[in-house]
Structures are given as structure tokens and as C-alpha cells.
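So the structure is just underneath, and the comments pick up after that.
This one's a predicted model, so the numbers in the text were calculated from it and none came from an experiment. Proteins get letters first, then strands, A, B, ... in listed order; numbering begins at 1 in each. Computed from heavy atoms alone, side chains included, the values below leave out hydrogens, waters and symmetry copies.
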There are 2 protein chains.
Amino acid sequence: MAKKRVTLADVAKLAGLSTTAASMILTGRPDTRLSAEAHAKVHEAASQLGYRPNVAARALRTDKSRSIAFISDYVATTRFASGLIRGALAAAEEARHVMLVLETGGEPAREIQAVQAALDRQVDGLIFAAMRAREVFVPDIVINAPVVMLNGTSARFPLSVLPDEYQGGRDAVRLLLEAGISGDIVLLGHNAEDEAGLFRSEMINRRLAGIKDAMREAGLAFIAELSCWNWEPDQGFDLTRKLLATKRPRAILCLNDRLAFGAHQALSEAGLSIPEDVALVSFDNDEIASYLRPGLTTIALPHEEMGRAAVELLLRPGATSGATLAMPIIERGSIRSPAGLI
Amino acid sequence: MAKKRVTLADVAKLAGLSTTAASMILTGRPDTRLSAEAHAKVHEAASQLGYRPNVAARALRTDKSRSIAFISDYVATTRFASGLIRGALAAAEEARHVMLVLETGGEPAREIQAVQAALDRQVDGLIFAAMRAREVFVPDIVINAPVVMLNGTSARFPLSVLPDEYQGGRDAVRLLLEAGISGDIVLLGHNAEDEAGLFRSEMINRRLAGIKDAMREAGLAFIAELSCWNWEPDQGFDLTRKLLATKRPRAILCLNDRLAFGAHQALSEAGLSIPEDVALVSFDNDEIASYLRPGLTTIALPHEEMGRAAVELLLRPGATSGATLAMPIIERGSIRSPAGLI
DNA sequence: TTCCCCTGCTAAAACCATTTAGCAGTTGCA
DNA sequence: TGCAACTGCTAAATGGTTTTAGCAGGGGAA
């Protein structure tokens with residue numbers, strides 16, 4: 001019952017020409033010598049029959065499947081993750097490619113499976129996205145297709161798309177300074193001594209480097225540096241409450257929005273107002289950043305742009321160097337509340 | 001330079017047998033009469049060469065590509081979305097399938113594109129996921145592959161996976177009653193009169209029906225029903241603040257967690273404590289629900305289970321009826337704070 | 001006239017797997 | 001002995017496209 005797919009041969013027959021001619025015309029070859037009349041007839045026949053090329057057959061012949069693989073350790077968890085996917089998806093769509101999404105949980109066995117599955121389907125390229133990546137991630141298989149690392153790096157694959165964390169770190173400090181804050185600043189989320197020898201991630205190290213450099217250049221030092229491994233709201237809450245027992249900061253620089261969220265709660269409970277008593281700045285532009293009152297001023301991860309850049313890089317023929325994307329500054333009301341800010 | 005792919009012919013040659021034999025052995029045909037020795041030789045040769053079947057070639061012959069399409073209106077936005085994808089991904093992986101993810105933004109043109117792209121790649125089935133779906137969604141193309149609707153329904157495709165919103169609605173009310181609350185309850189997010197003639201979504205209607213039925217059976221009526229179209233925190237905040245100017249509720253039943261988040265802020269600002277003064281219950285188990293203090297007691301959408309169920313349904317040969325999944329009750333501290341609850 | 005090039009097109013091979021049809025040799029049974 | 005059935009295997013067709021090699025016919029130059 002189900003009608004057979006219409007094939008190139010059907011089109012050719014209807015047009016009264018060979019499949020060779022039909023193929024050449026429909027793929028838009030430039031140097032062909034087929035007549036204008038032939039072109040017209042083939043196009044007419046194709047649209048009349050609703051012809052769509054069979055991608056599997058084409059892939060078999062050309063080794064191009066117009067599809068790419070997006071392999072990541074985690075896909076859910078943060079808004080960051082879906083932003084990356086979303087941007088990549090949009091860019092893939094524009095390039096008329098389709099995207100296979102694969103999740104590995106960071107487990108080597110699943111990583112291998114994922115890469116194999118993608119390669120079996122002759123993808124035109126692979127993106128390795130690191131969502132939580134503490135360290136570099138290396139699936140050790142022969143891959144003869146372009147590879148782009150997204151939000152991570154790899155010794156084997158030089159092309160990567162990264163946020164400019166160093167500059168982002170500097171910007172966070174600069175925002176505080178520009179608001180006239182000149183001391184009594186606390187760093188929430190990291191303490192060099194406590195975490196000596198621990199490796200969190202290359203990205204975070206750069207963020208910290210930017211922060212430290214900017215502070216030093218301004219002749220400032222944090223009055224406290226609070227360490228915790230999981231950057232979740234409850235940690236931010238506990239650390240801030242403990243902090244307030246002994247110190248009265250003028251600003252808290254939080255290493256992500258979730259910590260800032262917890263800090264916000266602790267400050268509110270202590271009857272301190274934001275930003276008048278204590279200013280807050282953080283990173284990521286997580287969903288919750290906009291929910292707070294006042295909204296959190298934050299250095300955003302350019303999720304969608306990164307995903308998009310990865311695909312564009314992957315599909316650009318002779319790409320040789322990766323991309324570093326600026327982290328946009330999202331000003332809300334947690335540093336100062338001038339007119340015009342939410 | 002790049003080594004040629006290993007083909008079945010290579011394996012057959014090394015094993016000293018025909019490709020027919022190699023194919024039959026590697027695909028594990030049951031009724032074949034090939035010798036144990038032949039089996040051993042072929043498997044040996046395959047693993048020695050690292051043979052991997054070319055999926056495109058296989059798809060061309062068998063019309064099965066071991067891949068499915070996940071087409072949704074939005075992919076980022078909510079945690080809900082990525083939960084669905086994640087569950088679907090896990091189930092697909094277990095079934096050794098690969099998943100194409102496509103986003104349409106709810107635009108008909110992109111919907112058609114997406115379905116075509118998937119069909120061109122001979123997917124073994126399609127999932128249409130509705131993230132925000134206000135109404136039913138129908139891409140009007142001939143699709144001769146199984147289809148499952150996820151979090152939505154369609155007249156054309158009877159198989160769908162849905163949360164049991166009606167029971168969820170009943171549960172929300174029941175939780176309040178069990179906590180000894182017997183009146184002064186406010187419904188936040190909907191007002192039958194204000195929204196007469198508006199169609200939000202079938203799912204939400206069922207949620208409301210469950211709530212209304214449970215209230216009626218308990219002989220109760222809401223002391224206020226507050227309508228707003230966008231269920232975002234700022235709306236919840238504004239409506240609750242306005243409410244508090246004239247009324248003093250004992251509980252607020254919020255139609256989603258974001259509204260509850262806003263209500264929480266307004267209650268805190270008014271100096272009311274949760275749950276002692278005002279109890280809060282809501283829906284979705286959004287990420288923010290666990291961040292609040294106390295945590296939000298909420299009726300969860302079973303994201304991952306739904307995604308998983310959709311794939312399993314899609315891949316089950318003669319599936320004839322869809323699935324309705326229970327909405328788990330996540331008890332935190334916003335209705336009552338007994339020992340043991342967060 | 002012969003040779004060469006150009007035009008407009010096509011036959012057939014190639015890509016890599018699955019599957020149908022069938023072959024040669026042995027055994028089982030009457 | 002004759003015939004059927006079985007065993008263990010293979011040749012060739014098939015799926016839909018791209019691409020290489022080349023064909024027939026006409027025109028221009030030498």
C-alpha cells in the first residue's frame with residue numbers, strides 16, 4: 001500500500017532523459033553541457049513527482065551524509081548545555097545538515113560507542129562538547145573526519161571553541177570598580193590554598209587568572225576567599241552566612257550564579273539589601289539570575305554563539321584555528337541600580 | 001593516506017568465504033546452515049580487521065537506519081525539554097539507535113523541513129515533542145514510519161506519551177488537605193472567567209480539572225483565582241503582592257514552579273514564613289524548586305521517563321496505545337516541615 | 001578528404017551491504 | 001537403484017545515487 005519512494009530513475013524517465021543527466025542537473029553541477037531544455041524538463045519532473053534524494057544512497061557514493069555528531073558528556077543539567085545544543089542546531093539547520101546528539105556521561109566505554117555510532121553513519125564531522133569537563137577528554141579511535149572541541153580542549157584535536165574566560169574574569173572585577181567599590185570584596189567559590197593541587201578545569205583557571213590580575217592591577221586583595229567544591233546554592237548560602245558572622249563585605253564576587261543565588265538568600269535573611277549594602281556579581285547567566293530581585297549582574301557564557309561557532313568551524317573547509325568568544329556582560333541590578341536597569 | 005574503510009568483502013576474503021556467508025554470520029541470522037568453523041573464521045576476521053558495517057549501505061538495502069528523529073518546537077528553554085531529550089537519548093542508546101534532534105520553533109515551514117530532513121535519512125521513527133505546545137501540532141506530509149507524540153496529541157497519530165495531569169492536580173490538593181489545611185486557599189495562574197474562551201493546552205486543562213474536582217469533593221472553594229498568561233516569576237510576585245494587600249491566604253496552589261518562585265519572594269518580603277503562615281505547592285519540579293528555602297513541594301513532570309517511554313513505544317513493533325505516566329510528588333518543605341524533609 | 005574538436009547526451013561502474021535463488025555433494029528412505 | 005531432502009556454501013541481483021568514460025553527429029581547419 002505504502003507508495004514506493006520516488007527515485008532519480010523515476011524523474012529521469014518522466015523527463016525522457018538518463019539518470020546521469022538528471023543527477024547532474026539536480027545537483028547543480030557547473031560545467032555540464034546539458035541544454036536549457038533538459039534542465040527545465042528535469043526540474044519540472046522532479047517537482048511534479050516530489051522527488052527527494054535518498055541520503056543513504058548518496059552517502060554511500062560520496063561519503064558525505066550532511067549530518068554531524070554532537071557528542072557531549074552531559075546534555076541535561078544546566079541551561080548552558082541546551083544553549084550549546086540549540087546554537088549548534090541552528091547553525092546545522094542553516095547549513096542544511098542534521099545533528100546527531102549523543103551523551104556519554106563521561107564514561108570511556110560510552111564515548112567509544114558514541115564515536116563508533118557516529119562514524120558508522122558517516123557523519124561529516126564531530127563536535128565534542130564538554131559540559132562539566134574537569135579535564136580533557138580523549139576518545140582514542142581513528143577518526144578521519146573533522147573534529148571541533150566545544151568548551152574544552154584536546155591535544156589530538158587543535159580546533160576548539162572557548163569562551164574568553166580570562167577577559168570575563170577581568171570584566172567582573174572592573175564592574176565592581178566602576179561602581180565605586182574599592183575594597184572589602186569577597187571571592188566566593190575558590191581559595192588557592194585550600195584547593196592547591198586540585199584541578200577544576202582549564203576554563204575556570206583562566207577565569208580566576210583574569211580576576212586575580214584585575215584585582216592586583218587595581219591594588220586590591222580579597223578580604224576573604226571561600227572555597228567549596230560544588231558550586232550550588234546551598235553552599236553559597238552556608239558560606240555567606242558563616243562569612244557574615246565575622247565580616248561585613250561591600251561586595252561578593254561569586255564564581256557562578258548558583259553560588260550567587262545562595263549568597264543572595266543569606267544576605268536577605270541577614271537584612272542586608274542588594275546592591276546598597278552588598279553588591280553581587282557572578283558568572284554564567286544561569287536562568288535563575290534573572291529571577292532574583294534585584295536581578296543578578298552576571299558575566300554570561302555565550303552558549304548559543306558557542307554552539308553555532310562550533311558547527312560553522314566544523315563545516316568550514318580549511319579551518320585551522322579555533323574561536324574564542326567574548327563573554328557578554330549582563331547588567332541587572334545587583335551591583336548598582338541606576339534607572340534603566342532591571 | 002587515510003586508510004580505506006574495511007568492508008564486508010575484506011572480511012570475507014580474509015575468512016576465505018563469500019560475502020554472503022560473512023553477512024549472514026555477522027548479522028546473526030538464526031536459520032543459516034553455515035558451519036561452526038565458518039562462524040569462527042568470520043568473527044575472527046571481523047575483529048582482526050576492526051570491521052564495522054556501513055550503515056548507509058545497510059540502510060539502502062534494508063530501509064532501516066537504526067536512527068530516530070526527535071523533532072520538537074523548542075529544545076532549550078526549560079529543564080523539562082532537556083529532560084525529555086535525555087531520557088529519549090538513553091533509551092535510544094540502549095536500543096543501539098542514534099537520535100537526530102531537530103528544532104522547529106513551532107514554525108510550519110521549519111516543521112516541514114525537519115520532517116523531510118529526517119525522512120530523507122530514512123529514520124526508523126519520529127517523535128514529535130511539544131515543549132510549549134498550546135495546541136496540537138500537525139506537519140502535513142506523508143510519513144510512512146512510526147510516529148509518537150511526546151507531551152502532546154495529534155489526530156493523525158494516535159500514539160502519545162503524556163503525564164497524568166489530572167491525577168497530579170488531585171495530588172496537589174490532597175497534599176494541602178493532608179497537612180490540615182481546610183480553607184483560605186488561593187489558586188495562582190488561572191481564572192476560569194478571565195480565561196473563558198482561551199485555550200492554553202489540553203494538558204493544563206486536565207491539571208485544572210483534577211484540582212477543581214479534588215476541591216469540590218472536599219467541599220472547598222478557592223478564596224481567589226488569579227489569572228496571568230505567562231507563568232513567570234515576576235507575574236507570581238506581582239499577583240501575590242496584590243493579593244496580600246486584601247487577603248491573608250493559608251495556602252497558595254501555584255500552577256507552576258516559576259509562579260511559586262515569585263509568590264515565595266512576595267511572601268518573604270511581606271514577612272510571612274513558609275510553610276507556617278502560608279503553604280505553597282506547585283507543579284513541574286523545575287530546577288529552581290530545590291533552590292528555594294524551604295524547598296518547594298511540587299508535583300513533578302516525569303521528564304526523563306517520558307522521553308524514555310516515547311522511544312520505547314516507537315521501537316516496539318505493534319504498539320497500539322500510548323502511555324500515561326504518573327507525576328511524582330516531590331515533598332520538600334513548603335507545605336509542612338516535618339523532620340526528614342529538606 | 002582527413003583530422004580534430006565540440007556539443008549534448010548516455011551506458012555502465014562504483015559505493016557496500018543484504019537477500020534470493022540455486023549448486024554440488026552427501027545421506028536417508030523405500 | 002532412484003529420489004527426496006539435507007548440508008554448506010556462493011553467484012548474482014538489488015537498493016539509489018554519483019561519476020567516469022565514451023558515443024554519435026556536426027562543424028571547422030588543413
Side-chain angles (χ1 to χ4, degrees), chain A residues 2-43 45-46 49-67 119-122 124 144, chain B residues 2-43 45-46 49-67 116 119-124 144:
Chain A
K3 280 171 206 142
K4 294 282 293 173
R5 245 189 112 86
V6 356
T7 77
L8 187 63
D10 299 332
V11 174
K13 188 187 292 179
L14 180 58
L17 290 164
S18 69
T19 62
T20 308
S23 171
M24 285 173 154
I25 288 169
L26 290 177
T27 51
R29 275 247 206 135
D31 55 347
T32 191
R33 298 185 305 250
L34 295 159
S35 66
E37 190 196 6
H39 278 258
K41 279 195 295 188
V42 167
H43 279 122
L49 296 174
Y51 170 71
R52 305 227 93 219
N54 180 324
V55 177
R58 181 178 285 177
L60 188 57
R61 189 69 235 265
T62 62
D63 245 335
K64 302 240 154 299
S65 58
R66 296 199 83 76
S67 61
L119 257 27
D120 288 351
R121 281 154 185 92
Q122 290 168 284
D124 298 341
N144 47 1
Chain B
K3 279 171 204 141
K4 293 281 296 171
R5 248 189 111 87
V6 173
T7 77
L8 188 62
D10 299 332
V11 173
K13 188 188 292 181
L14 179 59
L17 290 164
S18 68
T19 62
T20 308
S23 171
M24 284 172 154
I25 288 169
L26 290 177
T27 51
R29 276 244 206 140
D31 55 349
T32 191
R33 299 186 305 251
L34 295 160
S35 67
E37 192 196 4
H39 278 257
K41 279 193 296 187
V42 167
H43 279 122
L49 296 175
Y51 171 70
R52 305 229 93 219
N54 180 323
V55 177
R58 182 179 283 176
L60 188 57
R61 189 73 235 266
T62 62
D63 247 338
K64 301 241 155 299
S65 58
R66 297 200 83 77
S67 62
Q116 294 282 24
L119 257 26
D120 288 351
R121 279 148 187 97
Q122 287 168 289
V123 294
D124 297 343
N144 47 1

> Who passes salt bridge (Lys or Arg N to Asp or Glu O under 4.0 Å) against B:Arg52, sequence neighbours left out?
Replying inline: A:Asp120
> Mind checking what makes side chain to side chain contact (heavy atoms under 4.5 Å, CB included) contact with A:Ala9, not counting sequence neighbours?
Replying inline: A:Thr7, A:Thr19
> When we call it a touch if two heavy atoms are under 4.0 Å apart, what does B:Ala59 touch: a base, just sugar-phosphate, or nothing?
Replying inline: nothing
> Quick one: does A:Ser65's side chain have a donor or acceptor within less than 3.5 Å of a partner on A:Gln122's backbone?
Replying inline: yes
>> For B:Tyr51 and A:Thr20, find the nucleotide of DNA chain C closest to each by heavy atoms; which residue's nucleotide sits nearer the 5' end?
In response: A:Thr20
> Do A:Thr27 and A:Arg58 come close enough that some side-chain heavy atom pair is under 4.5 Å?
Replying inline: yes
> Is B:Thr7 near enough to C:dC16 that one of its side-chain N or O atoms lies under 4.0 angstrom from OP1 or OP2?
Replying inline: no
>> So B:Leu17 and B:Leu34, do their side chains get closer than 4.5 Å, heavy atoms only?
In response: no
> When the C1' atoms of the five terminal pairs at each end define the local axes, what inter-axis angle does the helix from C:dT1-D:dA30 to C:dA30-D:dT1 show, to 10 degrees?
Replying inline: 60°
> So where does chain B start and stop touching DNA chain D, 5' to 3', when the test is distance under 4.0 Å to a non-hydrogen atom?
Replying inline: D:dT7 to D:dG16
> Residues in side chain to side chain contact (heavy atoms under 4.5 Å, CB included) with B:Lys64, at least two apart?
Replying inline: B:Thr62, B:Asp124
> To the nearest angstrom, how far is A:Asp63 atom CG from C:dC15 atom P?
Replying inline: 11 Å
> Starting at the 5' end of DNA chain C and moving along, which residue's nearest nucleotide shows up first, B:Ala57 or B:Ala21?
Replying inline: B:Ala57
> Between C:dA14 and A:Arg61, is there an OP1 or OP2 to side-chain N/O distance shorter than 4.0 Å?
Replying inline: no
>> Tell me the interatomic distance from B:Ile25, atom CD1, to C:dT18, atom C1', rounded to whole angstroms.
In response: 14 Å
> Between B:Leu49 (CG) and C:dC16 (P), how many Å, whole number?
Replying inline: 14 Å
> What is the distance from CE of B:Met24 to P of C:dT20, rounded to the nearest Å?
Replying inline: 9 Å
> B:Asn54 has an atom CG; how far is it from atom P of C:dC15, in whole Å?
Replying inline: 12 Å
> Atom CD of A:Glu37 and atom P of C:dG8: how far apart are they, to the nearest Å?
Replying inline: 11 Å
> side chain to side chain contact (heavy atoms under 4.5 Å, CB included) with B:Leu14: which residues, sequence neighbours excluded?
Replying inline: B:Ala45, B:Gln48, B:Leu49
>> Expressed as a whole number of angstroms, how long is the span from A:Arg58:CZ to C:dC16:C1'?
In response: 18 Å
>> Strictly distance-based, threshold 3.5 Å: is any side-chain N or O of B:Arg121 a donor or acceptor partner for the main-chain N or O of A:Arg66?
In response: yes
>> Just to verify, what does B:Leu60 make a side chain to side chain contact (heavy atoms under 4.5 Å, CB included) with, not counting sequence neighbours?
In response: A:Asn54, A:Ala57, A:Leu60
